[in-house]
Amino acid sequence: METLNKTKIRGEVSNGMICSALELGLGDDHDGIMDLNGDLKVGQDLKEIYNDIIIDLELTPNRPDCLGMYGIAREIAALTGNPLKENIEINKIKGSKELSDNLNVKIIDSDLCSRYMGTVISNVKIEESPSWLKNALISIGENPINNIVDITNYVMFELGQPLHAFDYKKVKNGKIEVRRAKKNETLVTLEGINRNLDSTMLVIADSESPMAVAGIKGGMESGISESTTSIVLESACFEGGNNRNTASKLDLKSQATLRFEKNLKPELCEVAFYRAIDLILEICGGKVSSKVEDEGGPWKDNTNLVISESRINSVLGIDSKLDIEGIFNRLRFSYKKDKGNKDDDRWTVSSPYWRPDLNIPEDLIEEIARIEGYESIPAKPLSGVIPEFNENPILDFYENLKDILVSIGFNEVINYSADSYENIKSVCPSIKDSEMIRILNPMSREVEYMKPTLKSGLIKSLNLNIRNSSENIRLFELGTSFIRSKNDELPIQKKLLTCGIIGRLEKTLWEPEREVDIYDAIGFIGSLFKELRIDYEISPINDPIFNQEKSFKIIVDKNELGVLGELSKSVLNNFEIKNQKSILIEIDVEKLFSKFIPKSEIKFAPISKYPVSNRDISFDISNNVTVNLIIETFNENPLVLESQVIDVYKDESIGLTTKSVTVRTTYGSFEKTLSGNEIDQCEKNILNSLKNKIDFQIRS
C-alpha cells in the first residue's frame, strides 16, 4: 500500500488520484473509474464501507448445510442461543392465466435425478449486478458475471443449493430432458472446452442435444448473454455418487459438484428455487411466464427419528438430565414429545430438509452432545463385569511359531495382501485366472490381485533387504492367502508361513564364509519341527519355480504340509535378483497346527538304563535316490533308537550320477546291553532289507 502525496503532473498540482476498483483492491474492474454511492460523505474512511470480517471454517464432509451462509448462521445461532435475524420463507408464485411461454420437463433417468424444478421468467434485463450483490460475491472470492448468473451463485452460497439458468430461446421446442448422455455426444461447456460424454453421465438436454452436464457445468450455447431476454431457472437434486464420478472423469470440479456429491435433500430445491425467483424479479425485472414444472418424487418423507432419555444417557454415559427440548429448539428441529414407560421421556424428531446427515437416532444424540458441549458431559468409568478370558490355542500357536523362528535367526516381515498379476503368476504358474481375485479399485497395477501365495511378497522383501545389506538375510511372513471359491462366496483363505533365505553365512571356527544353499533350509526345517515336536520327512518334487534336484515337499503322516527349494533363475530375474541363490520355504500353518502336540500333552518315555552304541555307514547311491528311504529302513528295526544323515558327499571320483551318504545309527535296548555280534546281525538284517529297495555300495 502506497501513500499518495501532493505532486505536480503536467504543470498542474494534484492532491490525489482517481482509481479503478482493481487499483483499490475492491474488484477486478480496471476499465474505468470506480463509481461510489452518492450517499457517502467526503472524507469518510473506506474501511467503514468496504470492510468485511472473514471467518475461515473447516467443515466435515457430512455437513453440506454449512456450505451455505444461512447454514453457518443456523449453526452459530444454535451454539450461542441467539435467534436468526431473518428467516428464509418460501414465497410460492401465485397462479396466473397470462402464461405466454411453454416449458415441458421430463426426467428420464430418475435414479440419477430425484427432483427437477423449472420455470420461464421473461422480459428480464441482463446487466451488471447491484453493488451489494457484487461485493458479496467478491468477498468470498467469486467473480461477478451478470445479474442472473450472480443471483444463482448468491443463492447457492446462501442456502447451499446449486441453481442454473438457461437462455429460453436456446431451449429447443421448450423441452427439457434429464437423461444419461448418448453415445458420442459432446458438449462445449461455459469455459469453451469441448467435452466428450459417455452413457454414465447425466445431462440436461433439450429436444435435440445436451445443454449442461447435470449439476456440474452449463453449456456455452445455452448460457446467459447480453441478448438474453427470457430465462429458464433450474433447481434440481442429483445423485451424489454419479455426480462425483462424472466430475472426476471430466476433470471438472465445481462449487455445484462440491454440494451435489453430498446427496442434498430434494426438499431444499424448492426453498432455493423460490428464493432465486424473488431476487430475479426484484433485481432483473420481468415476470414468470410459464407454469412451474416440478418433476420427480414422490420423495420419502423426512426421516422420523425416535429417541428416549434413557437411550441418550446410555450412549453418552451420563445420569444427569439435559435440556433436550431446548437443544432441539436451538437446532430448529421439529419434534413431538411422548411419555415413555416409567417416566422415560421420548421424542419423535423430523430430520429437517437442510440436514441429510441425520439418519439414525445416534446422529441426534451426537447433536445433543455437541450443542451441550462435550466438556460439560462428565467422564464416567466403565462399569460391568470383566469378560472371561478364553484361550485360543491356534493364536497361541502362531505366537509360539514366531518365537521359534526368531530364535533360529529369522526376522518377521508384514507385506500387502495384494500384488501384481505378473508377480503372482511367476511364483504360482499353475493358478488359473478364474481363481484369482481382482480388487475392484486397486491403488495401482502393483497391488491389483489378492495373493494366492505369500511367495511373491517375501521375494520382494528379500530383494529389498539384500540391496541394502551385505549380511545373511533370513525373513519370514505369517499371513493369509486368498483364492476365489467356485460358488462365488467368500474366498478360500489359508494361513501360510513363508520363509526366505538369501546372502552369505558368516565365517565360523568350523566353517568358512559361504553362500547359503538348500541344505541350510533343510536344517532350519529340522530345527523348527524339532521345537514343534513333529516327525516329518522331505521328498523331491518337480516344481517349475525351483531348480531341479533342489526342490522338496514336506510330509507329515503322509500328508503334504509345504514345499521348499532353491528359486529358479527365471523367478529371480522377474524380481530383479541377480547372481544370488535364494531359498524359499512355504508351509500350510493350519495343517501344521493339526499335527502339533502342545507341551501339556507331551508324554515322557523312560530312558534305557543300558548303554547304547553308535555306528556310521557310508552308502554310494544314485543321485535320484532319497535318503529318507534309507532312514526309514533303519528305523523299522526295533533295536534302532535313532538314525540320521550326517554327511552327503559328491565328487567326480565316485561318478557324476552318484552321491555318498553317511548315516549314523544309534543301537540300544531297554532290556540289556547289546553285544557286538548282536549289533552286527542287526546291521546285516537292515542292509539285506535295504538291498530289496535300492542299489547301493558300502564305502570302506
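The shown structure was predicted, so the numbers you read here are calculated from the model rather than taken from an experiment. Side chains included, hydrogens not; waters and symmetry mates left out as well; all remaining heavy atoms used.
For Thr228 (side chain) and Ile224 (main-chain N/O), no donor-acceptor pair under 3.5 Å exists by modelled atom type. Judged by distance alone, with hydrogens and angles left aside, the side-chain atoms of Ser485 form a donor-acceptor pair with the main-chain N or O of Glu489 at under 3.5 Å. Ser351 contributes a side-chain N or O that, together with a main-chain N or O of Arg355, makes up a donor-acceptor pair within less than 3.5 Å. Using modelled atom types, one side-chain atom of Ser139 and one backbone atom of Ala136 make a donor-acceptor pair closer than 3.5 Å. Between the Ser444 side chain and the Glu446 main chain, a donor and an acceptor come within less than 3.5 Å of each other. Not a single donor-acceptor pair under 3.5 Å links the side chain of Asp109 to the backbone N or O of Leu112. With Asn173 contributing its side chain and Lys175 its backbone, the two residues share no donor-acceptor pair below 3.5 Å. A distance-only check finds a donor-acceptor pair linking the side chain of Glu185 to the backbone of Lys182 [under 3.5 Å]. Between the side chain of Thr257 and the backbone N or O of Ala247, no donor-acceptor pair lies under 3.5 Å. Proximity of a side-chain donor or acceptor of Asp150 to a complementary backbone N or O of Leu137 within less than 3.5 Å is not detected.
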*Run the side-chain hydrogen bond (donor to acceptor under 3.5 Å, both in side chains) check on Asn304 and Ser350 step by step: do they pass?*
CA-CA 5 Å; Asn304 290 324; Ser350 297; 3.0 Å; yes
*Quick one: do Ile121 and Leu281 satisfy side-chain contact (heavy atoms from CB on, under 4.5 Å)? Show the steps, please.*
CA-CA 8 Å; Ile121 304 176; Leu281 297 180; 4.1 Å; yes
*Thr348 vs Asp338, side-chain contact (heavy atoms from CB on, under 4.5 Å): CA-CA, chis, key distance, verdict*: CA-CA 8 Å; Thr348 301; Asp338 299 315; 3.8 Å; yes
*Determine, stepwise, if the pair Tyr116 / Asp294 fulfils side-chain hydrogen bond (donor to acceptor under 3.5 Å, both in side chains).*
CA-CA 6 Å; Tyr116 191 98; Asp294 191 355; over 6 Å; no
*Audit row: Glu142, Gln255, side-chain contact (heavy atoms from CB on, under 4.5 Å) steps and yes/no*: CA-CA 11 Å; Glu142 292 294 310; Gln255 289 290 343; 4.3 Å; yes
*Under the side-chain hydrogen bond (donor to acceptor under 3.5 Å, both in side chains) rule, what do Ser122 and Ser289 come out as? Steps first, then yes or no, please.*
CA-CA 6 Å; Ser122 58; Ser289 56; 3.2 Å; yes
*asked:* Quick one, Gln161 with Phe260, criterion side-chain contact (heavy atoms from CB on, under 4.5 Å). Give me CA distance, side-chain angles, the key distance, then yes/no.
replied: CA-CA 8 Å; Gln161 168 68 43; Phe260 278 129; 3.9 Å; yes
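Counting heavy atoms from C-beta outward, Lys106 and Ile176 have side chains that stay 4.5 Å or more apart. You'll find the side chain of Ser417 stays beyond 4.5 Å of the side chain of Val447, heavy atoms only. Counting only heavy atoms from C-beta outward, the side chains of Arg311 and Val315 approach each other to under 4.5 Å. Between Glu448 and Ile439 the shortest side-chain heavy-atom distance does not fall below 4.5 Å. For the pair Asn123 and Ser230, the minimum side-chain heavy-atom distance is 4.5 Å or more. The shortest distance between side-chain heavy atoms of Val178 and Leu202 falls below 4.5 Å. Leu364 has its side chain out of reach of Ile312: every pair of non-hydrogen atoms, C-beta onward, lies at least 4.5 Å apart. Inter-residue side-chain proximity for Tyr154 and Leu279 is flagged as met; some heavy-atom pair is nearer than 4.5 Å.
Surrounding CE of Met220 are more than 12 heavy atoms belonging to other residues, nucleotides or ligands, all under 6.0 Å away. The number of heavy-atom neighbours closer than 6.0 Å to NZ of Lys125, taken from other residues, nucleotides and ligands shown, is 12 or below. Enclosure of atom NZ in Lys172 by more than 12 non-hydrogen atoms of other residues, nucleotides or ligands within 6.0 angstrom is indicated. Within a 6.0 Å radius of CG in Asp251, other residues, nucleotides and ligands contribute 12 heavy atoms or fewer. No more than 12 heavy atoms of other residues, nucleotides or ligands lie within 6.0 Å of CD in Glu226, so this atom counts as exposed by the packing criterion.
Between Phe328 and Tyr335, the angle of the ring planes lies from 30° to 60°, which puts this pair in the tilted group.
Taking OG1 of Thr186 as the reference point, atom CG of Asn194 lies at 4.5 Å (rounded to 0.5 Å). Between the CG atom of Leu268 and the OH atom of Tyr353 there is a distance of 6.5 Å, given to the nearest 0.5 Å. Atom CG of Leu59 and atom SG of Cys66 lie 5.5 Å apart (nearest 0.5 Å). Met211 CE to Glu234 CD: the interatomic distance, rounded to the nearest 0.5 Å, is 8.0 Å. Taking CG of Leu133 as the reference point, atom CG of Asn153 lies at 9.0 Å (rounded to 0.5 Å). Separation of atoms CG (Leu264) and SG (Cys269) is listed at 8.0 Å; rounding is to 0.5 Å.
In plain terms, the two heavy atoms of Leu163 and Ala276 that are nearest each other are CD1-CB, 3.6 Å. Listed here is the closest heavy atom pair of Leu322 and Ile368: CD1-CG2, 3.9 Å. The heavy-atom pair separating Leu190 from Gly223 by the smallest distance is CD2-CA, 4.4 Å. Counting all heavy atoms, side chain and backbone alike, Leu197 lies closest to Ala181 at CB-CB, 3.7 Å. The shortest heavy-atom contact between Leu103 and Ser290 is CB-OG, 4.2 Å. For the residue pair Glu422 and Arg445, the shortest heavy atom distance occurs at OE2-NH2, 3.0 Å.
Using a 4.0 Å cut-off between charged side-chain N and carboxylate O, Glu367 and Arg370 make a salt bridge. Salt bridge status for Asp345 with Lys337: present, with a side-chain N to carboxylate O gap under 4.0 Å. Ionic pairing of Lys170 and Asp206 is not present here: no N-O contact between side-chain nitrogen and carboxylate oxygen is shorter than 4.0 angstrom. Between Asp65 and Lys262 there is no salt bridge, since none of the side-chain N atoms of the basic residue sits less than 4.0 Å from a carboxylate O of the acidic one. With respect to Arg115 and Glu295, no salt bridge is recorded, no charged nitrogen being found less than 4.0 Å from a carboxylate O. A salt bridge does not link Lys486 with Glu435: none of the charged nitrogens is closer than 4.0 Å to a carboxylate oxygen. Salt-bridge check for Arg346 with Glu309: failed, with every basic side-chain N at 4.0 Å or more from each acidic carboxylate O. Taking the charged nitrogens against the carboxylate oxygens, Arg179 and Glu177 do have a contact shorter than 4.0 Å, which makes a salt bridge.
Aromatic pair Trp347/Phe333: ring centres not closer than 6.0 Å.
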